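Below is one structure; the comments refer to it alone.
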There are 2 protein chains.
Amino acid sequence: MRIGQLAQLVGVETQTIRFYEQQGLLPPPDRQDNGYRVYTEKHGEGLAFIRRCRILGLSLAEIHELQSYQDDPHQSCTAVNALLDDHISHVRSQITALQALEKQLVSLRASCNDDREVEACGILAGISEGNMHQQ
Amino acid sequence: MRIGQLAQLVGVETQTIRFYEQQGLLPPPDRQDNGYRVYTEKHGEGLAFIRRCRILGLSLAEIHELQSYQDDPHQSCTAVNALLDDHISHVRSQITALQALEKQLVSLRASCNDDREVEACGILAGISEGNMHQQ
DNA sequence: TTAAAACTATAAAGCTACTATAAGGTCAAT
DNA sequence: ATTGACCTTATAGTAGCTTTATAGTTTTAA
């Protein structure tokens with residue numbers, strides 16, 4: 001399978017595949033005589049794994065870590081559990097921060113009900129005067 | 001006021017101030033004979049405005065847009081309202097996406113209760129097999 | 001058969017919003 | 001005279017790709 005087919009199969013761009021290879025997330029495939037990369041089904045699985053991890057919000061470094069666990073299948077998987085726990089708490093703190101931000105934005109938005117002149121705009125005034133009860 | 005004082009006043013690094021100047025968000029200040037930047041109170045206000053916008057999650061491009069409205073104080077402020085509305089809905093969709101992600105991660109986490117061998121780890125199996133009811 | 005379209009390759013730059021590093025000039029105090 | 005704190009510019013690094021440039025190869029259509 002060539003790079004274009006693999007890309008279509010998994011739903012990524014060809015450049016992304018080359019990028020993962022360069023980053024050491026995808027093993028370098030064999031080459032044809034003309035230099036074209038030749039992929040196996042294993043590469044497809046590896047690439048799909050990476051993409052699912054990315055959809056879950058894991059960083060490339062975290063994915064690399066998971067791969068290192070996969071390569072040593074008889075060790076305990078507590079590290080995998082810990083990685084996921086860390087990631088979950090990271091996601092949760094992001095949610096909390098964004099919810100606080102949303103509240104702040106909504107209250108700022110309420111300070112101006114359309115169609116004033118910019119000079120009297122409650123939003124710009126609100127930002128300029130810094131009445132943003134932070135934290 | 002020199003750049004270090006301004007930085008301390010507003011709570012940013014000096015490089016950040018130079019960066020904003022280079023990006024056209026902060027007007028180039030006068031220079032002393034030795035080339036040092038000299039800032040006025042106006043610069044302080046401008047910088048504080050930028051920082052408050054950044055805390056609200058606005059991009060530098062959005063801040064630039066807001067500044068252009070400030071420069072023309074007699075036009076209607078509907079564009080300002082619209083910018084904020086867009087930003088609020090952007091934040092809300094981020095929150096929604098992260099909440100869905102959290103759910104997915106928690107269910108994945110539940111598929112492995114510690115201390116198995118990596119080979120049997122429910123988390124890695126879950127990602128590999130792709131039983132991630134997406135969307 | 002030939003020419004265009006589609007695919008592949010590498011290398012380098014661009015994106016965001018800074019942060020960090022390097023190499024050097026200026027100024028006040030010791 | 002030199003130390004230290006400050007200032008200058010220019011360049012590279014961060015994450016995870018995407019875009020662009022340039023060029024070679026294969027496939028398809030005329």
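Side chains are part of it too, since the values below use all heavy atoms of this structure and drop only hydrogens, waters and symmetry mates. As the structure is a prediction and not an experimental result, all values here were calculated from the model. Just so it is clear: chains get the letters A, B, ... in the order the sequence lines come, proteins before strands, and each one is counted from 1.
Less than 4.0 Å separates DNA chain D from no heavy atom of any residue of residues 87-96 of chain A. Across residues 62-70 of chain B, not one residue has a non-hydrogen atom less than 4.0 Å from an atom of DNA chain D.
Proximity of A/I127 to B/C53: side-chain heavy atoms (C-beta onward) are separated by under 4.5 Å at one or more points. Looking at heavy atoms from C-beta onward, B/Y39 lies out of side-chain contact with B/Q5 at the 4.5 angstrom threshold. Considering only heavy atoms from C-beta on, B/Q99 comes within 4.5 Å of B/I95 through its side chain. A/F19 places none of its side-chain heavy atoms less than 4.5 Å from the side chain of A/L25.
Judged purely by atom type and a 3.5 angstrom limit, B/H87 uses its side chain to pair as donor or acceptor with the backbone of B/L56. Using modelled atom types, one side-chain atom of B/T96 and one backbone atom of B/R92 make a donor-acceptor pair closer than 3.5 Å.
We find the CD-CZ distance between B/E129 and A/R52 to be 9.0 Å, quoted to the nearest 0.5 Å. Between A/I17 atom CD1 and A/R51 atom CZ the span is 10.0 Å, to the nearest 0.5 Å. Taken from CD1 in A/I63 to OH in A/Y20, the straight-line distance is 6.5 Å, to the nearest 0.5 Å. Atom CD of A/E119 and atom SG of B/C77 lie 11.5 Å apart (nearest 0.5 Å).
Atom-to-atom, CG of A/L25 to P of D/dC17 comes out at 9 Å; the value is rounded to the nearest Å. Going from atom CD1 of A/I17 over to atom P of D/dG16 covers 18 Å, rounded to whole Å. One interatomic measurement links the two molecules: CG of A/L58 to C1' of D/dC17, which rounds to 17 Å at whole-angstrom precision. Between the C1' atom of D/dC7 and the CG atom of B/D33 lies a distance of 14 Å, rounded to the nearest Å. One can place CZ of B/F19 at 10 Å from C1' of C/dT19, the figure rounded to the nearest angstrom. Counting to the nearest Å, the P atom of C/dT19 and the CD atom of B/Q15 are 8 Å from each other. One interatomic measurement links the two molecules: CD of B/E13 to C1' of D/dC6, which rounds to 15 Å at whole-angstrom precision. Nucleotide C/dC18 holds its C1' atom 9 Å from the CZ atom of B/R54, rounded to whole Å.
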Legend entry - Sequence-aligned protein contact record of nucleotides 3-10 of chain C, with B where the base is within under 4.0 Å of a protein heavy atom and S where only the sugar-phosphate is: ----BSSB

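Dashed line: the shortest gap from a side-chain N or O of B/Y20 to OP1 or OP2 of C/dC18 is under 4.0 Å.
Within 6.0 Å of atom CG in B/D72, more than 12 heavy atoms from other residues, nucleotides or ligands are found, so the atom counts as buried in its surroundings.
Each of B/I50 and B/Q32 was assigned the nucleotide of DNA chain C with the nearest heavy atom; the assignment lying further toward the 5' end belongs to B/I50.
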